[in-house]
Amino acid sequence: MTTYTITLQNCAFFARHGVHDEEEFLGQRFFVDAELDVVAGEALKSDSIDDTVNYGIAFTVIEGIVTGKRRYLIEALALDIAKGLCETFPQVRRAKITVRKPNAPVPGVLDFVQVSVEHFA
């Protein structure tokens, strides 16, 4: 069996996730990476977008989940994205999702908080 990996890197969205009330009130940017392991099936032979993961649709799925209902934990957000992509694209066998939160409310300076989740379909 042949597989290949599709990666959407550093997708940016404005949303209102977090435990604290001010995170819901103010909102912030979140960055998402999606690494999708795909069973090749006919895609490598057919050269058809219908046989693979359409990047535009994948981005839209991620966007809908990130900008949808509020989640307290970015861990839960990452898992929901992984499951949503696997449901949308049955040829995806593994989805590794990384969510970065640059403005996490911590008592110090940092670039971002990051969580990665792997989901196997």
Side-chain angles (χ1 to χ4, degrees):
M1 172 174 44
T2 302
T3 63
Y4 56 94
T5 302
I6 293 176
T7 303
L8 286 83
Q9 190 77 39
N10 218 29
C11 306
F13 308 100
F14 183 84
R16 301 178 184 278
H17 306 293
V19 174
H20 303 287
D21 290 339
E22 63 268 16
E23 291 178 292
E24 181 180 19
F25 178 73
L26 296 173
Q28 61 187 293
R29 288 194 311 163
F30 291 82
F31 297 89
V32 176
D33 301 336
E35 184 177 290
L36 309 173
D37 289 345
V38 181
V39 174
E42 293 298 312
L44 299 179
K45 295 178 203 166
S46 70
D47 196 28
S48 172
I49 189 71
D50 296 329
D51 294 327
T52 190
V53 173
N54 181 310
Y55 317 142
I57 294 171
F59 184 91
T60 301
V61 169
I62 297 167
E63 180 179 39
I65 294 168
V66 174
T67 61
K69 75 174 186 174
R70 178 186 181 194
R71 287 142 183 105
Y72 292 112
L73 302 177
I74 58 174
E75 293 91 325
L77 177 61
L79 180 59
D80 286 349
I81 295 167
K83 287 180 175 179
L85 288 167
C86 287
E87 289 169 6
T88 303
F89 301 103
Q91 63 270 53
V92 171
R93 293 295 174 244
R94 179 190 70 99
K96 179 179 179 186
I97 305 301
T98 300
V99 176
R100 284 182 300 287
K101 184 176 181 175
N103 299 110
V106 298
V109 177
L110 56 74
D111 285 339
F112 51 81
V113 171
Q114 174 176 298
V115 171
S116 296
V117 170
E118 284 187 77
H119 177 72
F120 297 87

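Small disclaimer: the values here were computed from a predicted structure and weren't measured. Atoms considered below: every heavy atom in the structure, side chains included; atoms not considered: hydrogens, waters and symmetry mates.
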Checklist entry - Cluster question for you: counting only ILVMFWY and a side-chain heavy-atom cut-off of under 4.5 Å, with indirect links fine, are Val115 and Leu110 together? => result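 Yes, it is one cluster - the side chains of Val115 and Leu110 are joined through contacts under 4.5 Å.
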Item to check | Residue pair Asp37 / Thr5, side-chain donor-acceptor N/O under 3.5 Å | outcome: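 Looking only at side-chain atoms, Thr5 and Asp37 do form a donor-acceptor pair, the distance falling under 3.5 Å.
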Checklist entry - Is it true that His17 and Tyr72 have ring centroids separated by less than 6.0 Å? => result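 Between Tyr72 and His17, which both carry aromatic rings, the centre distance is not below 6.0 Å.
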Atom [atom1] of [X]: over 12 foreign heavy atoms under 6.0 Å:
X     : atom1 : value
Phe14 : CZ    : yes
Asp47 : CG    : no
Arg29 : CZ    : no
Tyr55 : OH    : no

Item to check | Value rounded to 0.5 Å, distance of CG in Leu85 from CD1 in Ile62 | outcome: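 So the CG of Leu85 and the CD1 of Ile62 are separated by 5.0 Å.
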[X] (side chain) donor-acceptor with [Y] (main chain) under 3.5 angstrom:
X      : Y     : result
His119 : Ala82 : no
Arg93  : Pro90 : yes
Gln28  : Ala15 : no

Item to check | Parallel, tilted or perpendicular: ring planes of Phe13 versus Phe59, cut at 30 and 60 degrees | outcome: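 Rings of Phe13 and Phe59: tilted, as their planes differ by 30° to 60°.
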Item to check | Val38 side chain near Thr3 side chain, heavy-atom distance below 4.5 Å | outcome: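 No, every pair of side-chain atoms sits at 4.5 Å or beyond.
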